[in-house]
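Worksheet: the structure to be examined is printed underneath.
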Amino acid sequence: MLATMGVGSSSAQQVALQSDRQALQESARPRNPVRKPQVATAVAATDPVAATSPKPVRKPGTASKGPYYVDFRARTAASYGHAFVWFGKTSERKVEVAGLHPAGDVLPYVLGHLMFVPSETGASYGDLDVQYLTASYRVYLSEADARKVFAHIKHLQATSPLWNAETANCTAFIGQIATFMGLKVPFHLKKPEEYVNELKAMNGGRQTAQLAPDQQ
């Protein structure tokens, strides 16, 4: 009986040891990891710091736009319209206006299609009225560049005593300003609205301008 009990006890111990081994092996097996969302994986792959270092909030465009501007504008008129510029500081409501047009009323305008006539280079009727506006393209400048561009506009105003419909007209005048600013310009014999819209398209609608190094 003692032998039988010894054998039975030994077998039971072996079975128990086998069961313990299986339990340990099963507990030691690696479990399936929890899958993380694909979005988090993509962010970590492209920007490892994105999840831990929040980026500062920036208002769109505030860093790239300078505090000054030149606004190329076109408006309706009794004929085919007029092109001119507004220029000034973004924080101020006051604007300055420059544009080339015949001095006087109808007669100088008619004669200006045949010959050169005296001109004016300031604001004309309707330049400040939004209801007459047909096109606008605003370009921003730094303070240093604005000083040079505004001085160039004043120089053009002081040295443009004549107007002619084909050569020294309003679109040619604002084209000289745009060229000085480093912008591409269309051919000047276009209607003012078309000219301003094409000026914007040719420059990809860019909202900033920087003078060339030789103009600094």
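For this chain, numbers begin at 1 and follow the sequence in order. Keep in mind that this is a model prediction, so the values were computed, not measured.
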Rounded to the nearest 0.5 Å, what separation is found between the [atom1] atom of [X] and the [atom2] atom of [Y]?
X: T159; Y: Q176; atom1: OG1; atom2: CD; result: 7.5 Å
X: L199; Y: F72; atom1: CG; atom2: CZ; result: 6.0 Å
X: T167; Y: L189; atom1: OG1; atom2: CG; result: 9.0 Å
X: H82; Y: H101; atom1: NE2; atom2: NE2; result: 5.5 Å
X: N164; Y: L111; atom1: CG; atom2: CG; result: 11.0 Å
X: F84; Y: L128; atom1: CZ; atom2: CG; result: 7.5 Å

For a 4.5 angstrom cut-off between non-hydrogen side-chain atoms, does [X] reach [Y]?
X: I153; Y: F87; answer: yes
X: N169; Y: H188; answer: yes
X: T134; Y: V196; answer: no
X: V185; Y: Y195; answer: yes

Donor-acceptor contact present, side-chain [X] to main-chain [Y], <3.5 Å:
X: S142; Y: G66; value: no
X: D71; Y: V85; value: no
X: T121; Y: G99; value: no

Cluster check [X], [Y]: I/L/V/M/F/W/Y, side chain < 4.5 angstrom:
X: L100; Y: Y132; result: no
X: M115; Y: L107; result: yes
X: V130; Y: Y137; result: no

Check: Cut-off 3.5 Å, side chains only: do T90 and Y140 have a donor facing an acceptor?
Finding: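 Judged by distance alone, the side chains do not pair up.
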
Note to self: Checking side-chain polar atoms at under 3.5 Å, does S124 have a donor or acceptor matched by the opposite partner on R75?
What the structure shows: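 Short answer, yes.
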
Notebook entry, point to check: Mind checking whether H152 and F180 have parallel, tilted or perpendicular rings, split at 30° and 60°?
Noted result: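 H152 vs F180 ring planes: parallel.
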
Check: Where does the angle between the aromatic ring planes of H113 and W163 fall among parallel (under 30°), tilted (30 to 60°) and perpendicular (over 60°)?
Finding: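 Rings of H113 and W163: perpendicular, as their planes differ by over 60°.
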
If I compare all heavy atoms of [X] with all of [Y], which pair ends up nearest, and what's the gap?
X: S160; Y: L156; result: OG-O, 2.6 Å
X: S136; Y: R73; result: OG-NH1, 3.8 Å
X: G81; Y: A77; result: CA-CB, 3.7 Å
X: Q157; Y: A98; result: NE2-CB, 3.5 Å
X: L141; Y: A209; result: CD2-O, 3.6 Å
X: L211; Y: D145; result: N-OD2, 3.2 Å

Margin query: Is it the case that atom CG in D129 sees more than 12 heavy atoms from other parts of the structure closer than 6.0 Å?
Written below: yes

Next item on the list: Give a yes or no on this: more than 12 heavy atoms of other residues, nucleotides or ligands lie within 6.0 Å of atom OH of Y80.
Entry: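 Count over threshold, so yes.
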
Item checked: Aromatic ring proximity Y69/W86, centre distance under 6.0 Å -> no

Checklist line | Test log, rule side-chain contact (heavy atoms from CB on, under 4.5 Å), inputs F150 and V70 | finding: CA-CA 9 Å; F150 293 177; V70 174; 3.9 Å; yes

Next item on the list: Please write out which residues are connected to F116 in a hydrophobic cluster, directly or through intermediates, given that two of Ile, Leu, Val, Met, Phe, Trp, Tyr count as joined at side-chain heavy-atom separations below 4.5 angstrom.
Entry: L162

